Chemist: 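This structure is in structure tokens; I'll ask about it shortly.
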2 protein chains.
Amino acid sequence: MLSKKTKYGLKALTYLAAQKDKQPVQISEIAKAENISQKFLESILLSLRKSGFLGSKKGKGGGYYLIKDPKEVLMTDVMRILEGPIAMVPCVSLNFYEKCADCPDEATCSVNKLMLMVRDANLEVYRNNTLADLIA
Amino acid sequence: MLSKKTKYGLKALTYLAAQKDKQPVQISEIAKAENISQKFLESILLSLRKSGFLGSKKGKGGGYYLIKDPKEVLMTDVMRILEGPIAMVPCVSLNFYEKCADCPDEATCSVNKLMLMVRDANLEVYRNNTLADLIA
DNA sequence: AATTACCCTATCAATCTAATAGAGTAAACA
DNA sequence: TGTTTACTCTATTAGATTGATAGGGTAATT
């Protein structure tokens, strides 16, 4: 299951990407428009800022804004920040690799074999889609 | 993340598929060979039996055995039983469709759009792989 | 200087997962 | 026929995670 964090994060990103000007948008505005718990959204936007997707401005007229061009924001990066590893098992993860404690041999492991194919299929989708593609 | 249930279930299925004869294999043998908690494996095999993948035989010399030819066992069916919906959000699920409560319009929803592509990519993998493919 | 809106910490109920325990039941075999 | 074997079922549990909420703190505009 996709977590609400990722769901909300994606919605917020596309909301910001759809803005005509680059003016900051208040959290409250996004939360209201997308039916998201404002406090929860705060923490999500914060992590998106810390990972370099968003900028923020404090004080009156402040809010969050997209740093890069939506065309430059790859879904691989977004998903890894919001949802975590793209792979369904650590033993096939590119960025979060870990050996399975119980599995004696990856080369002959059926789970490894299947999940490797699944990972590649997912990567293919995430690599070929940017934030801009989700709006059009 | 792939649940342990699915992981163990897949391992058990491939273990049974790799058997030369069609003789029943005891739970304890599979559990030992694949490093799985026996009691947990019991419940998994039970659900695989109830959903038509496995047959069982009680008493001495009993155990579980594969009902169909491994070539006929599609990963789509296995995954749906073990892991649940293939889609990451209910609003793009073929077999478990549900409208998102918070989303006003699927047609313009960015999450829907992305997850639809992800679902199709995953389906492609699961449809093109059978239990037999995981052994070879 | 006051307001606005981001920033951070802590807490919480609900849910899910993985594992375990223990008793029950059906089938095989001597 | 009776005992053994191994599947079947119910219940319980600790632990982790999720999603949400509360409340105060801080920095930057006006």
Side-chain angles (χ1 to χ4, degrees), chain A residues 1-12 16 23-51 53-67 82-85 88-90 100-103 111, chain B residues 1-12 16 23-51 53-67 81-85 88-90 96 100-103 111:
Chain A
M1 274 288 282
L2 194 75
S3 68
K4 297 249 180 182
K5 180 183 177 184
T6 303
K7 189 178 176 182
Y8 294 163
L10 283 172
K11 288 201 173 195
L16 291 174
Q23 292 303 91
V25 179
Q26 294 170 34
I27 296 177
S28 60
E29 181 186 329
I30 305 175
K32 200 178 170 191
E34 301 289 349
N35 285 309
I36 305 173
S37 149
Q38 178 164 341
K39 279 291 188 179
F40 190 25
L41 181 59
E42 272 186 34
S43 69
I44 297 168
L45 295 182
L46 195 58
S47 85
L48 285 172
R49 200 215 65 190
K50 286 183 177 172
S51 45
F53 294 101
L54 300 181
S56 68
K57 195 183 168 190
K58 290 187 178 180
K60 194 167 189 177
Y64 281 97
Y65 53 91
L66 214 55
I67 283 185
L82 291 173
E83 189 74 5
M88 291 180 83
V89 272
C100 291
D102 54 313
C103 188
V111 176
Chain B
M1 275 289 280
L2 195 75
S3 69
K4 298 246 180 184
K5 180 182 175 184
T6 303
K7 188 178 177 183
Y8 295 164
L10 282 172
K11 289 202 173 194
L16 291 175
Q23 292 302 92
V25 179
Q26 294 171 34
I27 295 178
S28 60
E29 180 185 330
I30 305 176
K32 201 178 170 191
E34 301 289 350
N35 285 309
I36 306 173
S37 148
Q38 178 162 341
K39 279 290 185 178
F40 190 25
L41 182 58
E42 274 186 34
S43 68
I44 297 168
L45 295 181
L46 194 59
S47 85
L48 285 172
R49 200 215 67 193
K50 285 183 176 173
S51 45
F53 293 101
L54 301 179
S56 67
K57 195 182 167 190
K58 289 187 178 181
K60 194 168 191 175
Y64 281 97
Y65 53 90
L66 214 56
I67 284 186
I81 292 298
L82 291 173
E83 189 74 5
M88 291 181 83
V89 270
F96 303 84
C100 293
D102 54 313
C103 188
V111 177

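Protein chains get the first letters and strands the later ones, always in sequence-line order, with residue 1 at the start of each. What you see is a predicted model, and the numbers here were worked out from it, not measured in a lab. Any value given below was found using the heavy atoms of this structure, including those in side chains, with hydrogens, waters and symmetry copies removed.
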Chemist: side-chain contact (heavy atoms from CB on, under 4.5 Å) for Ile36(A) and Ile44(A)? Distances and angles first, verdict last.
Modeler: CA-CA 11 Å; Ile36(A) 305 173; Ile44(A) 297 168; 5.5 Å; no
Chemist: Take Leu82(B) and Leu48(B), measure what side-chain contact (heavy atoms from CB on, under 4.5 Å) needs, and give me the verdict at the end.
Modeler: CA-CA 8 Å; Leu82(B) 291 173; Leu48(B) 285 172; 3.9 Å; yes
Chemist: Shortest non-hydrogen contact from Ile67(B) to Gly55(B)?
Modeler: CG1-N, 3.5 Å
Chemist: First and last nucleotide of DNA chain D touching chain B, 5' to 3', heavy-atom cut-off 4.0 Å?
Modeler: dT5(D) to dC9(D)
Chemist: Could you state the interatomic distance from NZ (Lys11(A)) to CD1 (Ile30(A)), rounded to the nearest 0.5 Å?
Modeler: 13.0 Å
Chemist: Tell me the closest heavy-atom pair linking Ala31(A) and Leu41(A), and the distance in Å.
Modeler: N-CD2, 3.6 Å
Chemist: How close or far is atom P of dC6(C) from atom CG of Leu48(A), stated in whole angstroms?
Modeler: 14 Å
Chemist: Show the distances under 3.5 angstrom between N or O atoms of the protein and N or O atoms of nucleotides 23-29 of chain C.
Modeler:
residue: dA26(C); atom: O4'; partner: Lys58(B); partner atom: NZ; Å: 3.2

Chemist: Using a 4.0 Å heavy-atom cut-off, does Ile27(A) contact any base of the nucleic acid, only the sugar-phosphate backbone, or nothing at all?
Modeler: sugar-phosphate
Chemist: State whether Ser3(B) places a side-chain N or O below 4.0 Å from either non-bridging phosphate oxygen (OP1 or OP2) of dC16(C).
Modeler: no
Chemist: Whole angstrom is fine here: how far is it from CG in Asn35(B) over to P in dA18(C)?
Modeler: 16 Å
Chemist: So which pairs with a foot in residues 26-45 of chain A pass side chain to side chain donor-acceptor pair (under 3.5 Å), sequence neighbours left out?
Modeler: Tyr15(A)-Glu29(A), Gln26(A)-Ser28(A)
Chemist: In whole angstroms, how far is the C1' atom of dC6(C) from the CD atom of Glu29(A)?
Modeler: 15 Å
Chemist: Does a nitrogen or oxygen in the side chain of Tyr64(A) sit under 4.0 Å from OP1 or OP2 of dA5(C)?
Modeler: no
Chemist: Might you work through the side-chain contact (heavy atoms from CB on, under 4.5 Å) test for Leu66(B) and Leu54(B), ending with a clear yes or no?
Modeler: CA-CA 5 Å; Leu66(B) 214 56; Leu54(B) 301 179; 3.6 Å; yes
Chemist: Return the value, rounded to whole Å, for the distance between atom CD of Gln26(A) and atom P of dC6(C).
Modeler: 6 Å
Chemist: Without decimals, in angstroms, what is the distance between Lys4(B) NZ and dC16(C) C1'?
Modeler: 15 Å
Chemist: Think Ser56(A) has a side-chain N or O under 4.0 angstrom from the OP1 or OP2 of dA5(C)?
Modeler: no
Chemist: Specify the separation, in whole Å, of atom CD1 of Ile36(B) and atom P of dT20(C).
Modeler: 13 Å
Chemist: Using a 4.0 Å heavy-atom cut-off across all strands, classify Lys50(A) as base, sugar-phosphate, or nothing.
Modeler: sugar-phosphate
Chemist: About how many Å separate CE of Met1(A) and NZ of Lys7(A), when rounded to the nearest 0.5 Å?
Modeler: 7.5 Å
Chemist: Report the distance from atom CG of Leu41(A) to atom P of dC7(C), rounded to the nearest whole Å.
Modeler: 12 Å
Chemist: Output, in order, the C-alpha distance, side-chain angles, deciding distance and verdict of side-chain contact (heavy atoms from CB on, under 4.5 Å) for Tyr64(B) and Leu46(B).
Modeler: CA-CA 9 Å; Tyr64(B) 281 97; Leu46(B) 194 59; 3.9 Å; yes
Chemist: How long is the line joining NZ of Lys5(B) and P of dT17(C), in whole Å?
Modeler: 9 Å
